[in-house]
Each structure stands twice: as structure tokens, then as C-alpha cells.
Amino acid sequence: MYAIVEINGQQFKAEQGKKLFVNHMKDVEAGKTVEFDKVLLVDNDGSVQVGAPTVSGAKVVCEVINPLVKGEKVIVFKMKRRKDSRKKNGHRQQYTQVEVKSVIA
């Protein structure tokens, strides 16, 4: 059984026991449970329910493993030739790691 759920504007495939890296959620602590009710699709061993826009009564229960995980560093380098113009910036995206405990449909 799996579900397609929308978390912070992104869609994820949620199965029981799967760990996900979602966009950083503020005001969450490690070990707490979080429920997501924007379930777009539920597949229960071949019987598929598609929501319009969401499946009513369905939710995904997750446990927060790590509230702040930093992704890989991305270097942004801009240069204009023959102008002596260079700009170098770095960026690390922030994520929250959650584990799917159950899919309720």
C-alpha cells in the first residue's frame, strides 16, 4: 500500500517504513509525529483511489527523525568575460528527514 502525498508543495510517494527528505519544516522536533492530509492518490494492492483534488479521509502519519538536514553545497559562479566581473555564491538546501509510520485510507 502506498500513497502520493503533497508535503510543503512537493509530491512524494509514501510507503510504510520509507524515509523521506522533505523541504524544511519549522517548529518540529525529533521524535514527534506529523500528519499530512493532502493525499492525492492511494493504491491498496491494486485498487486505486484518485482524489479530486484529494482523497477524503486519507492521511499519512510520519515521525520526524531529524528536523534539520543540510544538503550538498551548490556553487553558483557568475562571470562576464573581459569585464573583470566575478561573483561566487554557495548554497546548501535545508531539509527535514521524516519516516512514514502508516498510511491510513
Side-chain angles (χ1 to χ4, degrees):
M1 178 177 198
Y2 73 89
I4 305 295
V5 62
E6 182 178 333
I7 303 171
N8 289 344
Q10 290 184 325
Q11 296 178 9
F12 295 95
K13 181 180 178 182
E15 295 180 278
Q16 186 173 358
K18 188 174 182 182
K19 295 179 182 174
L20 303 173
F21 288 99
V22 300
N23 282 336
H24 180 63
M25 296 186 294
K26 296 182 179 181
D27 302 328
V28 295
E29 298 176 2
K32 299 287 183 176
T33 59
V34 182
E35 294 182 356
F36 302 107
D37 57 352
K38 282 190 173 182
V39 178
L40 306 175
L41 180 138
V42 175
D43 183 3
N44 191 359
D45 298 326
S47 64
V48 178
Q49 289 179 311
V50 179
T54 59
V55 178
S56 62
K59 64 182 177 179
V60 175
V61 179
C62 297
E63 179 184 354
V64 177
I65 296 174
N66 196 345
L68 179 63
V69 178
K70 289 190 176 182
E72 294 292 319
K73 182 175 276 193
V74 177
I75 302 297
V76 180
F77 184 74
K78 297 180 182 179
M79 183 181 109
K80 295 182 182 177
R81 61 182 187 158
R82 296 189 301 268
K83 305 287 189 227
D84 197 24
S85 172
R86 293 181 178 148
K87 184 179 285 191
K88 181 179 177 182
N89 287 327
H91 176 72
R92 290 181 74 176
Q93 187 68 34
Q94 295 181 343
Y95 298 105
T96 298
Q97 186 179 13
V98 297
E99 181 179 1
V100 179
K101 289 296 181 186
S102 65
V103 177
I104 300 169

- Task: Before giving the answer on side chain to side chain contact (heavy atoms under 4.5 Å, CB included), spell out for Ile104 and Val60 the whole-Å C-alpha distance, their side-chain angles and the decisive distance to 0.1 Å.
- Result: CA-CA 6 Å; Ile104 300 169; Val60 175; over 6 Å; no

- Item | Nearest-0.5 Å distance, NZ of residue Lys18 to SG of residue Cys62 | 11.5 Å

- Quick one: NZ on Lys88 to CD1 on Ile75, what's the gap to the nearest 0.5 Å? 5.5 Å

- Taking all non-hydrogen atoms of both residues, which atom of Glu99 and which atom of Gly17 are closest, and how far apart? OE2-O, 3.9 Å

- Message: Quick check: is Met1 connected to Leu41 through a chain of hydrophobic side chains (ILVMFWY, heavy atoms under 4.5 Å apart)?
- Response: no

- Message: Quick one, Asn23 and Tyr95 - any side-chain contact, counting heavy atoms below 4.5 Å?
- Response: yes

- Backbone N or O of Val69 within a donor-acceptor pair of the His24 side chain at under 3.5 Å? no

- Query: Roughly how far, to the nearest 0.5 Å, is CG of Asp37 from CD of Glu6?
  - Reply: 10.5 Å

- Do Ile7 and Val28 share a hydrophobic cluster (ILVMFWY, side-chain heavy atoms under 4.5 Å, transitive)? yes

- Min side-chain heavy-atom separation Leu68-Gln94 under 4.5 Å: yes

- Message: If we ignore hydrogens and angles and just use 3.5 Å, is the side chain of Arg92 paired with the main-chain N or O of Gly71 as donor and acceptor?
- Response: yes

- Item | Partner set under side-chain contact (heavy atoms from CB on, under 4.5 Å) for Val76, not counting sequence neighbours | Lys78, Asn89

- Message: Counting C-beta onward and ignoring hydrogens, is there a side-chain heavy-atom pair between Lys101 and Thr33 closer than 4.5 Å?
- Response: no

- Query: Any side-chain heavy atom of Val22 sitting closer than 4.5 Å to one from Gln10?
  - Reply: no

- Message: Return the CG to CD distance between Leu40 and Gln11, rounded to the nearest 0.5 Å.
- Response: 5.0 Å

- Measuring from His91:NE2 to Glu72:CD, what's the distance to the nearest 0.5 Å? 12.5 Å

- Item | Derivation and outcome, side chain to side chain contact (heavy atoms under 4.5 Å, CB included), residues Thr54 and Val39 | CA-CA 5 Å; Thr54 59; Val39 178; 5.8 Å; no

